[in-house]
Structures are given as C-alpha cells and as structure tokens.
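Contents: one structure, followed by commentary.
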Amino acid sequence: MQNSLRQGKLRLQKWYTATAERDKKKMVRELMQIVLARKPKMCSFLEWRDLKIVYKRYASLYFCCAIEEQDNELITLEVIHRFVELLDKYFGSVCELDIIFNFEKAYFILDEFLMGGEIQDTSKKSVLKAIEQADLLQEEDESPRSVLEEMGLA
Amino acid sequence: MPAVSKGDGMRGLAVFISDIRNCKSKEAEIKRINKELANIRSKFKGDKALDGYSKKKYVCKLLFIFLLGHDIDFGHMEAVNLLSSNKYTEKQIGYLFISVLVNSNSELIRLINNAIKNDLSSRNPTFMCLALHCIANVGSREMAEAFASEIPRILVAGDTMDSVKQSAALCLLRLYKTSPDLVLMGEWTSRVVHLLNDQHMGVVTAAISLITCLSQKNPDEFKTCVSLAVSRLSRIVSSASTDLQDYTYYFVPAPWLSCKLLRLLQCYPPPEDGAVKGRLVECLETILNKAQEPPKSKKVQHSNAKNAILFEAISLIIHYDSEPNLLVRACNQLGQFLQHRETNLRYLALESMCTLASSEFSHEAVKTHIETVINALKTERDVSVRQRAADLLYAMCDRSNAKQIVAEMLSYLETADYSIREEMVLKVAILAEKYAVDYSWYVDTILNLIRIAGDYVSEEVWYRVIQIVINRDDVQGYAAKTVFEALQAPACHENMVKVGGYILGEFGNLIAGDPRSSPLVQFNLLHSKFHLCSVPTRALLLSAYIKFINLFPETKATIQEVLRCDSQIRNSDVELQQRAVEYLKLSSIASTDVLATVLEEMPPFPERESSILAKLKKKKGPGAVSVTELEDNKREGGELNGGGDRGPDTAAMAASNASTPSPSADLLGIRSAAPVGAPPASTGSLLVDVFSEAGPAAPSAAVNDDGFLRDLEQPTETSDSLLVEGSGDSDSAPPSEDPAPPLSEADELLNKFVCKNNGVLFENQLLQIGIKSEYRQNLGRMYLFYGNKTSVQFASFTTTVSCPGDLQSQLNVQTKPVEPLVEGGAQIQQVLNIECLTDFSDAPLLNIKFRYGGALQNLTLKLPVTINKFFQPTEMSSHDFFQRWKQLSQPQQEAQKIFKANHSMDTEVLKAKLLGLGTALLDNVDPNPENYVCAGVIQTKSQQVGCLLRLEPNAQAQMYRLTLRCSKDSVSRRLCELLAQQF
C-alpha cells in the first residue's frame with residue numbers, strides 16, 4: 001500500500017493486497033492521524049498493526065508505505081525517493097498540483113515502477129522510457145480538440 | 001491551473017478538477033460532484049454514441065470522484081469498452097479504471113478477461129504490459145484461473161521483450177500469492193531460477209521477488225538458486241560504483257537487487273558447497289568492510305542505500321547463526337549505529353540487536369552495549385525508539401545484569417508513555433521472576449511495580465506474585481512484612497491492597513510476633529483501605545478477614561463486629577452481602593477445628609505456564625512472540641506445551657504438587673497437623689527409592705522413579721541456563737517441521753488413562769483433546785476428539801500416530817488423515833483402529849501440528865494405549881488362585897513394588913480402579929480381607945499372558961505393596977510400573 005497525503009487529504013493511493021473499501025477508508029484515516037502527528041527528526045519507521053510504516057515528507061506531501069515484518073525499511077525509504085525522483089523527472093520539478101491534475105499519470109508512473117508491491121525496475125531510464133513511449137502513442141492517437149467543444153461537453 | 005506538460009488533452013477533466021478545488025465547502029463539493037455524476041450518467045445512457053475520447057474523459061472523471069472518497073457504481077461497461085479499444089491511451093485509461101474499481105460482476109469479468117487475452121497474444125509489448133498490470137492489480141481468483149498457465153510461458157519464452165518479462169514475473173508472483181494452487185511451476189522451475197543470470201538487471205530485479213516467494217514455499221525445488229544468487233551478489237558487491245550504470249543508486253551498486261539477493265538467501269541454510277559458502281562469507285565481509293569506508297556522497301540516499309544492504313546482510317548473518325566472527329562484527333557495527341545521529345539508524349540498530357541478543361555467539365557482545373541502550377531508553381525523544389530500547393534491554397537480560405536492567409526499566413516506567421506501560425510492566429514482571437535469585441528481590445520488584453504503575457499492572461501480574469509467594473515458603477515471611485510496610489503509605493494502589501489482603505490473610509501470622517504488626521494492627525491497616533476499594537477488592541478483603549479469625553482468634557470479636565454492621569451484612573452488592581453473612585455465621589458456629597480445616601492455608605498452585613508470559617504473548621499476537629520466547633517453547637517441546645514457567649521455582653512447585661494430598665484427604669484433617677510453612681513433603685518418592693533398592697524384585701521400580709525424578713529436575717537444570725545462551729542451535733534452522741518431542745507431562749497424562757477409557761487427554765489455551773475408547777480381545781478402537789477452543793481457525797491441522805522403536809512390531813495402529821481446517825469453536829473426530837500383536841511397554845505417539853494465527857503449533861503426546869487394555873477378566877476360586885500363584889514362582893515372573901499412597905485409599909475408589917484395569921477382582925480369596933487380588937488374561941495376537949495381581953494397602957503407613965505374577969516377565973514389569981502410579 002502506498003499513499004501520498006497532505007493535511008488529511010489523500011492524493012494517491014495504491015493497494016497491493018485485496019482490502020474492502022470500508023477497511024481501506026478506516027486504515028487511511030488511522031494512518032493519516034498517526035503520520036501527521038509525527039514531529040520532524042523522529043524516526044521514519046513505526047509499527048502499526050502487523051505492519052511496519054515507512055514514511056517521508058517531501059514539501060507538503062507525505063509519502064507513506066506499509067511493509068511487512070521482514071521487509072527492509074531503509075530500502076523502502078529509497079523506494080519512496082526513487083518514485084519522487086521519477087515524478088520530478090517526468091513533470092519537471094513536480095509539485096502537489098501536478099499530482100492532483102494528472103493523477104492518472106502519477107498512477108502510470110507508479111505502475112511502471114512497482115507492480116504488485118514489488119519493484120519492477122529500479123532504473124530511472126527504463127521507467128521513464130516506458131512512460132514516454134506511452135505518451136508518444138497518446139499524441140499520435142489524438143487530434144487536438146477545440147476549446148469550444150471541450151466546454152460544451154463539460 | 002498548472003501548465004500540464006505532456007500528452008494531455010483532457011481539458012474537460014482539468015476544468016472539473018479545478019471546479020472541485022474551488023469549492024468552498026464540503027456541501028458545494030458534493031453538489032458539484034452530483035451534478036457531474038448526473039451529467040455522465042445521461043451521456044452514458046444517451047442515444048448518441050460517445051466517441052472514445054469522450055468515454056475516456058468521463059471514465060477519468062469517475063475515477064477522480066472515486067478517489068475523492070465517493071462511491072461509484074457505474075462506468076465499468078464503458079471502461080471495458082475502452083480497454084478493448086486499439087488506441088493505446090483509451091486502453092490505458094480503461095485498464096486503470098478496472099484496476100482501481102475492481103468489480104466482481106461475472107459477466108464483466110468475462111469481457112475483461114477476453115480483452116486481456118487478446119492483448120496478451122497481440123505480441124505488442126506495451127499492450128501486453130498493460131494486460132499483465134491489470135491482472136496483477138486485480139489479482140482475483142477468476143483471473144488466476146484464466147491466466148495462471150499462460151503467464152509462465154510468456155515469462156520464459158526466448159522472444160519475450162525484457163519489459164514484458166519483468167511484468168510477467170511480478171504478475172505471476174501476485175497470482176501465486178492469491179491462488180498458489182493455480183500456479184504450477186513444475187517444468188518452468190529451472191528456467192525461472194536461471195532468470196537470476198539474465199543480463200538485464202531489471203529482469204533479475206523483478207524475477208528475484210518471484211523466486212524468493214516460490215523458494216519460501218518450495219525450498220527443495222528452488223535450491224539451485226542459492227549458488228546463482230551468491231555469484232550474482234558477489235559480482236555486484238565487487239563491482240565499482242559506476243559499473244552498473246543506471247542501476248547504481250547514489251554511488252551504491254544495485255542496492256535493491258543486493259537486498260533482494262540477501263533476502264532470498266535467508267530462505268535457506270548456509271550453502272553446503274564449501275566454495276559457494278566461502279564466496280558468500282567474502283561478500284558479507286566486504287559489505288561489513290564497506291560500512292567502515294568513508295561515504296562516497298553526503299546525501300542521505302547514499303547512506304540509506306548502503307545501510308539497507310548492510311542491515312540485510314546482518315539479517316542473513318543472524319539467520320545463519322553459525323559464523324561467530326561475522327556475528328560479533330555485526331554486533332560491533334550495530335553498536336556504532338546506536339550512537340549515530342540519524343534516528344532511523346539508531347532505531348534499526350536497536351531492533352536488529354534484539355535478534356543478535358538471542359544468539360549464543362553474540363549475546364555477550366550485545367551485553368557490552370548495555371549502558372548505551374539504557375541511555376537511549378532515558379534520552380531518546382521518539383517513543384518508538386524508546387520502545388525498541390526497552391525491547392533490547394529485555395532481550396539482553398540474563399542473570400548477570402537482571403538487577404540493573406529491572407531497576408532501569410522500573411525507573412523508566414515512572415515517565416514511560418502510556419501506550420507502552422502495560423507491556424513494560426509485563427516485561428519487568430517476567431524478568432523479575434525469571435532471574436530472581438532471591439525471592440525477596442522478586443517481591444520487592446513486583447510491589448514497586450504496583451506502586452509505580454499500579455494502573456497498568458494487570459491481574460495476571462498480581463496473581464502471579466501471589467502464586468509464587470504461596471508456592472515458596474522461604475519468601476512468605478518477607479512478603480508479609482513488605483506488603484505490610486507498603487500498605488502504610490496513605491495512598492496506595494488498589495492492586496497493592498489486593499496483594500496485601502491476600503498475603504496477610506495467608507501469612508500475616510509470620511509477622512504477628514512484632515507488636516508493630518500485631519494481628520489487630522494488621523487488621524486495622526487493611527480495613528482502613530476497605531472503603532476506598534472496588535467491590536471485587538472488598539470481597540477479597542472479607543475473605544482475608546475470615547482467614548484472620550482463624551489465624552488470630554483474638555481478632556474474632558473485632559472482625560465479627562465489622563461483618564455484622566449494616567454496611568456489610570445488608571450491602572446492596574449480593575456478593576459482598578453473601579460473604580459477610582456466611583463468614584459471620586461460619587465464625588460463630590464452627591468449632592476451631594472445623595474453622596482451621598476450612599480456612600487452612602492455600603495449597604500450592606499446580607501451574608505450568610507463567611500466566612504473565614501467556615499474557616505478553618497474547619498482547620503481541622500469536623505471530624509476534626519474540627525470538628527468545630519462541631526458542632524457549634521450542635526447547636520445551638512446542639508452544640502447546642505451555643512450559644513457559646521455567647523460573648527456578650518450578651522444581652519445588654512440581655515436587656510439592658506431586659505430594660499434595662487430594663482435597664478429600666485434606667478434609668480428613670491429615671494435613672492440618674502440618675505446621676505452617678512446612679517444607680514440601682516430597683518424602684514420598686524418597687521412601688520409594690529406599691524401599692526399592694532394598695527389595696530384591698525391584699529393578700523396574702527404581703528405573704521408574706529415576707525417570708520421575710529426572711522429569712522434575714529438568715526445568716531447573718537445563719532450561720534456565722539455556723534461556724540465555726543456548727538458543728544458537730535451534731535458531732539457525734528454519735522453524736522445524738519435525739514432530740516435537742513428547743511433552744514432559746506426556747507420561748503423567750498417559751497414567752491418567754490406565755484405569756479408564758474415556759476422558760480429556762490434553763488441554764491448553766488453544767486445544768482440547770478428548771478420548772473415547774473400547775477394547776475387545778486383542779483389538780481396540782479409539783475415538784479422538786480435537787476441539788478448537790479459540791475463535792480462530794486452525795489451519796494445516798495434521799495428526800500423525802507413530803509407534804517408535806520396538807513398538808512397531810508389537811502394535812498395529814491405523815487411522816485416516818483428519819480435515820486440515822478446524823474452525824474456531826469446532827471439534828473434529830479421528831478414529832484409530834488398534835491391534836495388539838504381542839505384549840509391549842511403550843506407548844504410541846500422537847503428533848499434532850497446526851497453524852494458529854500463522855504460528856506453527858507442534859506437540860506430541862503419548863496415546864493412552866497400555867498393555868492392560870487387552871485384559872480379559874478371569875474369575876477363579878481361592879484355591880485356583882493360589883495354585884496358579886505358586887506356578888508362577890520363578891523370580892523374573894514376579895514384579896513387586898512398595899510405594900507411598902498418592903491418592904485416596906478408600907475401598908470403593910480402589911475397587912473402581914482395579915476394575916477399570918480390566919482384570920477380575922476376586923473376593924474371598926486373600927486371607928486378609930484388606931488385601932485385593934485380581935486375575936486376568938492379556939490377549940495379544942501371538943499369545944495369551946495370564947496375570948495375577950495382589951495389592952496390600954497399609955492405611956497407617958499410607959503405603960502399598962503391589963505384587964504381580966505373569967506368565968511373561970516383561971508383562972509383570974510393565975504392569976507393575978503402570979499400576980504403581982495409580983494408587
């Protein structure tokens with residue numbers, strides 16, 4: 001499970017185990033409370049339920065992973081960092097708004113990087129290459145739309 | 001609105017998101033969303049067919065709404081249309097929607113599966129990856145059924161693109177996790193293992209996650225991965241920081257892959273091949289060396305990545321637990337981290353050291369850091385770090401430092417965070433008990449605990465101190481004195497009043513000689529607390545008062561007056577009222593003798609597991625018991641043994657239990673003559689030894705007693721010291737699946753069934769095993785009932801019946817396997833068919849294994865199949881009896897034993913037992929009517945064995961003489977052994 005959140009607003013979440021919607025909401029609420037209450041300088045790991053939480057704050061965003069007992073905390077911290085680097089590279093100095101307005105892109109990047117909760121590829125180049133390739137396909141697919149048409153449909 | 005950089009044309013979506021963000025209130029937001037939902041619904045239902053672009057935009061909006069936390073119950077069909085499209089961007093959005101809003105509608109799933117199937121066979125790598133991602137994201141059983149056989153093929157096919165291989169590996173892993181039964185590796189195994197050699201690092205990184213998971217479940221099939229993993233690791237570790245190009249992360253070569261390789265190796269024992277092992281040790285040494293090198297970058301990412309590998313390497317070293325040199329180096333490295341300025345490293349070092357503390361090679365090295373850890377407990381600002389420090393202190397505690405650690409933990413408790421107080425209290429209580437050399441220190445510690453953190457002292461803790469005081473007479477006087485002093489405090493915790501009331505009620509007489517703590521002073525002190533206490537405590541105090549009346553007749557009038565007053569005798573609480581009325585009546589009408597018998601000192605507690613340890617385990621969940629405790633349990637024959645109580649008092653407790661007369665004997669006043677605090681009357685077994693050595697026909701008896709004594713001694717002699725240092729051997733192997741050795745009390749349990757066929761064979765907190773059995777001639781049938789006492793399912797429940805050694809050729813036991821799942825509260829049954837081939841002495845073993853909350857439970861019992869079960873009673877006259885008795889006069893045909901009565905000597909009880917034995921009880925045979933004689937024939941397949949028995953009780957000496965004569969000498973000996981335990 002991975003979340004990015006801020007001020008109690010969840011921006012992105014991804015679950016790698018089957019969980020009922022109701023439980024997800026409850027867990028997210030609980031986790032936000034715990035993580036937002038942490039002070040700077042505190043340790044980035046904490047025990048929660050049967051899991052270990054690894055979190056890191058980047059500007060206004062907290063990135064948070066729940067990992068299992070035997071998983072490695074430090075390398076998870078760097079999973080978060082690599083994901084932030086990927087976002088940064090793709091959006092060009094990423095900010096919270098990029099993630100809000102392009103949430104689907106953020107998902108695609110996350111999917112290229114992690115799959116089923118495991119790292120698919122750690123190379124920045126490979127991941128971004130996959131995303132950019134997809135963008136190229138997208139541009140080929142689409143003819144520009146007129147603003148008027150957009151407004152009409154919205 | 002920010003400038004959206006790349007490839008985005010969905011202006012309508014951006015406008016909508018902007019709108020939502022501009023909403024001033026939650027209500028406005030909901031209104032805007034409802035408007036949008038209505039709009040989308042009408043578009044989807046409208047007559048005009050929507051083009052792909054519009055569909056994509058609306059589906060995206062729905063997704064956004066869902067992510068805001070609103071329920072979405074439509075749009076799935078449109079999403080399926082999108083993912084079936086040939087346009088990449090539509091497909092991508094369609095898959096995303098389906099992945100996020102998984103739906104279990106079977107028609108829908110059929111359509112999705114169809115689209116996935118098309119994409120998988122499209123040979124277009126981007127499409128294939130999208131499809132694989134969708135399968136991994138949804139991961140449902142239906143998808144596993146549809147694709148589990150297809151994906152391994154894609155994974156190992158020679159022409160599959162690297163990116164597709166990566167996705168396929170992880171997709172397969174996800175399916176394996178959800179539906180392991182559907183993922184059959186078989187023929188693919190070796191090709192999957194060889195992915196570790198793939199030249200593309202990304203493929204190796206993805207594949208190793210799959211291989212690790214498969215290795216955990218099927219270690220044998222995948223064990224060739226060990227040497228491949230070692231050589232891959234060695235290549236990475238020895239590479240320069242730039243060799244791996246894009247897989248170098250902040251000057252650390254392939255940190256993720258390194259961690260995963262080290263993790264994979266933790267699924268296996270150390271490599272057997274010397275060369276491979278040497279190479280691995282070299283790698284681990286290099287990793288430890290690198291930790292000492294100056295950092296190549298100041299960035300935290302560099303040190304995190306480097307240390308992630310280091311911690312994983314240390315985990316592997318601890319897992320092997322066979323290289324003292326590496327263990328000590330690891331410990332020193334962690335010692336450096338204990339004082340590192342990074343909180344994260346201090347936290348992890350404390351955590352990792354906890355496991356090092358349980359290795360015999362590094363326990364001493366860990367102990368050298370005690371001051372640093374104590375300091376961490378005092379000064380760390382983050383509670384989670386302090387918690388780790390407390391855990392480590394608990395783990396490194398042994399007899400040499402227990403006093404210091406307990407003192408530090410007690411002083412920390414005064415300011416400890418509320419969230420961890422209860423656990424701390426339990427830990428202090430356990431350490432105090434486990435390492436108590438003198439019990440006055442133990443009593444002081446627990447009373448301090450109650451004083452400092454009374455609210456967090458659970459019932460188990462104060463029950464425990466009372467159990468120990470009652471079972472140990474050398475501490476009773478001290479305990480009475482100390483609680484008396486503690487109660488002097490104007491405000492003392494209610495738990496202190498409870499302990500005080502109980503202990504003074506039992507042992508107040510031991511300090512009554514001092515005028516400062518005379519009976520009346522004691523009573524007044526207790527009673528001054530009475531009115532501030534809750535109902536249960538008051539009830540306990542009332543019982544203490546009536547005990548006072550017995551201990552100190554001079555307090556009778558005062559106490560009766562208290563009992564008689566309206567606030568007691570008319571108390572609105574029924575329990576209090578009843579106690580007051582009954583105690584008052586009892587004290588007025590009962591004679592001193594009766595009073596003394598009824599209110600006699602409590603007998604020692606027959607207890608096996610420390611209730612506190614059980615509580616700590618429960619608190620931490622079945623899966624989370626610390627390594628040390630698991631070790632302990634393993635050593636004692638499986639967790640189910642419940643042998644947690646290995647304090648030095650065990651032997652004394654067991655000894656006094658063994659000789660404690662049954663309650664009925666108590667009422668006869670036999671024990672009331674014993675002075676308070678008499679030493680445990682273990683003389684019984686000693687007497688037997690003396691007799692049996694003296695008697696000519698007693699070798700079997702002596703052997704038996706030896707065994708009995710050895711059982712008693714075991715807890716003090718072995719488990720106590722092993723606790724600290726001895727964990728090495730069992731720690732290195734993965735949790736053993738071998739049947740546990742039989743429980744220490746297995747013989748005792750067996751003995752309970754010699755004279756009966758039905759009853760409860762075994763019971764602990766989780767499991768109850770009941771038995772019903774019937775025998776005819778040389779055949780028997782036994783019904784075993786396994787009851788799950790918890791509310792949680794037992795998984796992988798298996799039982800195995802085995803006949804060790806010679807028994808194999810003597811007894812034939814057949815059964816069918818039981819159902820592997822036992823639901824909470826349910827009971828399952830197993831039938832055993834037993835055939836006695838020839839006479840036998842050992843008992844068949846019953847091994848039971850199951851998983852409770854993830855933890856493997858493993859216990860072995862002896863099945864109560866004893867030779868006497870195959871008795872046929874034989875009636876005969878006095879004349880016949882003595883004639884046969886004389887015929888069986890060879891010395892080895894007779895077995896005799898003289899022993900102390902362990903149970904009631906009542907005639908009816910004895911008769912019932914002898915009948916239960918299966919023989920005929922012959923009246924009017926023995927000239928002495930006090931004696932019992934029996935006769936029977938044991939039926940085995942190969943022969944019949946005639947048996948005669950004579951039991952001569954001596955009520956005055958509370959002794960018996962038991963004589964057996966059988967046509968086969970081994971039967972005489974065995975029956976004599978068995979029966980000596982029964983009376």
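Below, chain A is the first sequence line, B the second, and so on; all start at residue 1. Basis for what follows: all heavy atoms, side chains included, without hydrogens, waters or symmetry-related copies.
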Item checked: A:K125, part contacting chain B, at a heavy-atom distance under 4.5 Å -> both

Checklist line | Heavy-atom pair of closest approach, residues B:I20 and B:L68 | finding: CG2-CD1, 3.9 Å

Note to self: Is B:I17 close to chain A through its backbone or its side chain, or both, or neither, when contacts mean heavy atoms under 4.5 Å?
What the structure shows: both

Margin query: With a 4.5 angstrom heavy-atom cut-off, is it the side chain or the backbone of A:R38 that approaches chain B, or both, or neither?
Written below: side chain

Margin query: For chain A, which candidate among B:G139, B:S99, B:A305, B:A206 shows the most heavy-atom pairs at distances under 4.5 Å?
Written below: B:A206

Next item on the list: For residues A:Y90 and A:F108, establish whether the separation of their ring centroids is below 6.0 Å.
Entry: no

Item checked: B:R32/B:E29 salt bridge by N-O under 4.0 Å criterion -> no

Checklist line | Contact origin within B:N137 toward chain A - heavy atom pairs under 4.5 Å | finding: side chain

Next item on the list: Go through B:T126, B:D19, B:L348 and name the one with the most non-hydrogen pairs under 4.5 angstrom from chain A.
Entry: B:L348

Next item on the list: Please flag which part of B:C171 lies under 4.5 Å from any non-hydrogen atom of chain A: side chain, backbone, both or neither.
Entry: both

Check: Quick one: does B:D382's side chain have a donor or acceptor within less than 3.5 Å of a partner on A:C43's backbone?
Finding: yes

Notebook entry, point to check: Most heavy-atom pairs under 4.5 angstrom with chain B, which of A:E47, A:K25, A:K124?
Noted result: A:E47

Item checked: Atom group of B:R346 that falls short of 4.5 Å from chain A, counting heavy atoms -> neither

Next item on the list: Using the salt bridge (Lys or Arg N to Asp or Glu O under 4.0 Å) rule, take A:K89 and A:E132 through it: C-alpha gap first, then chi angles, then the decisive distance, then the call.
Entry: CA-CA 11 Å; A:K89 193 94 178 171; A:E132 272 155 16; over 6 Å; no

Check: Using non-hydrogen atoms only, which part of B:F16 is less than 4.5 Å away from chain A: side chain, backbone, both, or neither?
Finding: neither

Note to self: Taking side chain as everything from C-beta outward and backbone as N, CA, C, O, which of these in A:K56 sits under 4.5 Å from a heavy atom of chain B? Side chain, backbone, both or neither.
What the structure shows: side chain

Item checked: Partner chain A: residue of B:Y250, B:Y95, B:Y249 with the largest heavy-atom pair count (under 4.5 Å) -> B:Y249

Note to self: When you compare the side chains of B:K56 and B:T89, does any donor N or O come within less than 3.5 Å of an acceptor on the partner?
What the structure shows: yes

Checklist line | Under 4.5 Å from a heavy atom of chain B, the part of A:E69 involved | finding: neither

Item checked: Side chain / backbone / both / neither for A:L77 at chain B, heavy atoms under 4.5 Å -> side chain

Note to self: Quick check on B:F97 against chain A: is it the side chain, the backbone, both or neither that has a heavy atom closer than 4.5 Å?
What the structure shows: neither

Next item on the list: Counting only heavy atoms closer than 4.5 Å, note whether B:S167 contacts chain A via side chain, backbone, both or neither.
Entry: both

Next item on the list: Select one option (side chain, backbone, both, neither) describing which atoms of B:D71 are under 4.5 Å from chain A's heavy atoms.
Entry: side chain

Next item on the list: Against chain B, label A:E78 side chain, backbone, both or neither, depending on which of its atoms sit under 4.5 Å from a heavy atom there.
Entry: both

Check: Any chance the side chains of B:Q266 and B:E312 put a donor and an acceptor closer than 3.5 Å?
Finding: yes

Checklist line | SB check A:D111 A:K14 (cutoff 4.0 Å) | finding: yes

Next item on the list: Decide, yes or no, whether a salt bridge links B:R388 with B:D391 under the criterion of side-chain N to carboxylate O below 4.0 Å.
Entry: yes

Margin query: Under a 3.5 Å distance rule, please check whether A:Q120 uses its side chain to pair with a backbone N or O of A:M115 as donor and acceptor.
Written below: no

Note to self: Check for me whether A:K52 meets the cation-pi criterion with A:F45, that is, NZ or CZ under 6.0 Å from the six-membered ring centre and within 45 degrees of the ring axis.
What the structure shows: no

